[in-house]
Amino acid sequence: MTDATHAPLDAGTLIGWFDANARDLPWRAPECDAWGVLVSEIMLQQTPVARVEPIWHDWLTRWPRPSALAAESQGEVVRAWGKLGYPRRALRLHAAAGVIAEEHGDVVPSDVDTLLALPGIGAYTARAVAAFAYGQRVPVVDTNVRRVIARAVHGAGDAGPPSNTRDMADVEALLPEQKAARYSAALMELGATVCTARAPECARCPVVSFCAWYQAGKPAYDGPARPVQRFAGTDRQVRGLLLDVLRGTSEPVPKTKLDTVWNVDGQRDRCLFSLLEDGLVEQTPDGRFALPGEHA
DNA sequence: GATACGTGGGG
DNA sequence: TCCCCAAGTAT
């Protein structure tokens, strides 16, 4: 066993660093409740902090409780989601708010399994809410945590493909008995601001002298390459263009209007159909198109 | 386990 | 310009 004070990711060291260096994010404020934490976690799925912050403020002001969001139309929620990306998250958060309002007394659940049963909440988000909103000692594994552990503990340049079971066991082994949630926040913060993917600033790292990767001379990552996420020309781009039209109008639009955003007819129609299937778009009785729930 | 799913900033 | 990356989830 490694001496705790010399472990690569010592809790006292990391929490001390976090106390002094944590970013002042609104969902970390003492007055932010579990609903605010949940909204932030959903918005932060694959979307950078800088783009989330202003939208998060809008949402918490407009819908300070789950029941308030649940009472809103789906379309308005998708519109307020703006350009955060992956708008199905907005629909799922709206649905989760409905369940919380109806079945949980308008209080975000604190139990991991109950959270996991809500739409849009997976292994990461369920534990993030349990830890950051309720102070529970549960492993919180995101891409930052995986990268920090890969480097500091395993001496690899980057994390390999995710494995929920193995990744959670890795974190569980590091998690201190006390202040576990704060430790997880520190781990994530280190990965987000210092031990970054592209250009880690090892000179600023509080645990550099215990880092297996640094000690080994920062060898290049030799694992399998991540699949590249192309965007230009994909259905994702076309769906985004279609939805952007509908976000910008309160009145339903005729299909001819949507036809102007992309000139490959087959792809465009397929994307419109998939948006209808996903419930992100609805067709009005007269055949026009709109965001859902506003023009039945 | 692989794939689909938005959007925009930075190197 | 192109490519990588960003607090993932659902299928």
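These numbers come from a predicted model, not from an experiment. Naming convention: chains lettered A, B, ... in sequence-line order (proteins, then strands); numbering from 1 in each chain.
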Counting only side-chain N and O atoms of [X], is one of them less than 4.0 Å from OP1 or OP2 of [N]?
X: A/Arg236; N: B/dT7; value: no
X: A/Gln46; N: C/dA6; value: no
X: A/Arg239; N: B/dG6; value: yes
X: A/Arg230; N: C/dC5; value: no
X: A/Thr47; N: B/dG6; value: no
X: A/Arg226; N: C/dC3; value: no

Original post:
Is any side-chain N or O of A/Arg51 under 3.5 Å from a base N or O of B/dT7, one able to act as donor and the other as acceptor?
Top reply: yes

Considering every strand and a 4.0 Å limit on heavy-atom distances, what is the contact class for [X]: base, sugar-phosphate, or nothing?
X: A/Gly122; result: sugar-phosphate
X: A/Leu84; result: base
X: A/Gln237; result: nothing
X: A/Trp27; result: base
X: A/Val140; result: nothing
X: A/Pro87; result: sugar-phosphate
X: A/Arg270; result: nothing
X: A/Ala123; result: sugar-phosphate
X: A/Leu25; result: base
X: A/Asp278; result: nothing
X: A/Ala50; result: nothing
X: A/Pro119; result: sugar-phosphate
X: A/Thr196; result: nothing
X: A/Thr234; result: nothing

Gap between atoms [atom1] and [atom2], on [X] and [N] respectively (whole Å):
X: A/Glu277; N: C/dA10; atom1: CD; atom2: P; answer: 18 Å
X: A/Leu38; N: C/dG8; atom1: CG; atom2: P; answer: 15 Å
X: A/Met43; N: B/dG6; atom1: CE; atom2: P; answer: 16 Å
X: A/Leu93; N: C/dA10; atom1: CG; atom2: P; answer: 12 Å
X: A/Gln229; N: B/dT7; atom1: CD; atom2: P; answer: 13 Å
X: A/Leu280; N: B/dT7; atom1: CG; atom2: P; answer: 11 Å
X: A/Asp235; N: B/dT7; atom1: CG; atom2: C1'; answer: 16 Å
X: A/Arg147; N: C/dC4; atom1: CZ; atom2: P; answer: 16 Å

Original post:
Taking the nucleotide of DNA chain C with the closest heavy atom to each, which residue, A/Arg88 or A/Ala197, is nearer the 5' end?
Top reply: A/Ala197

Subject >> First encountered from the 5' end of DNA chain C, between A/Arg198 and A/Arg23 >> reply: A/Arg198

Subject >> 4.5 Å side-chain heavy-atom contact, A/Ile121 and A/Ile42 >> reply: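 Touching, per the 4.5 Å side-chain cut-off.
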
**OP:** Can you figure out which of C/dA6, B/dG6, C/dA7 approaches the side chain of A/Pro48 most closely?
**Re:**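 Of C/dA6, B/dG6, C/dA7, C/dA6 is nearest to the side chain of A/Pro48.
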
Original post:
Where the side chain of A/Tyr124 is defined as all heavy atoms beyond and including C-beta, which of B/dG8, B/dG6, C/dG8 is the nearest nucleotide?
Top reply: C/dG8

In terms of hydrophobic clusters joined by side-chain contacts under 4.5 Å, are [X] and [Y] together?
X: A/Leu38; Y: A/Tyr86; value: no
X: A/Trp81; Y: A/Leu280; value: no
X: A/Val145; Y: A/Tyr221; value: no

[X]-[Y] side chain donor-acceptor pair, cut-off 3.5 Å:
X: A/Ser73; Y: A/Glu294; value: yes
X: A/Gln45; Y: A/Tyr124; value: no
X: A/Arg239; Y: A/Ser274; value: yes
X: A/Arg89; Y: A/Thr47; value: yes

Original post:
Taking atom C1' in both C/dA7 and B/dA2, what distance in whole Å separates the two?
Top reply: 22 Å

**OP:** Assign each of A/Phe231 and A/Pro227 to its nearest nucleotide of DNA chain B by heavy atoms, then name whichever residue's nucleotide is nearer the 5' end.
**Re:**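 Upstream on the strand: A/Pro227.
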
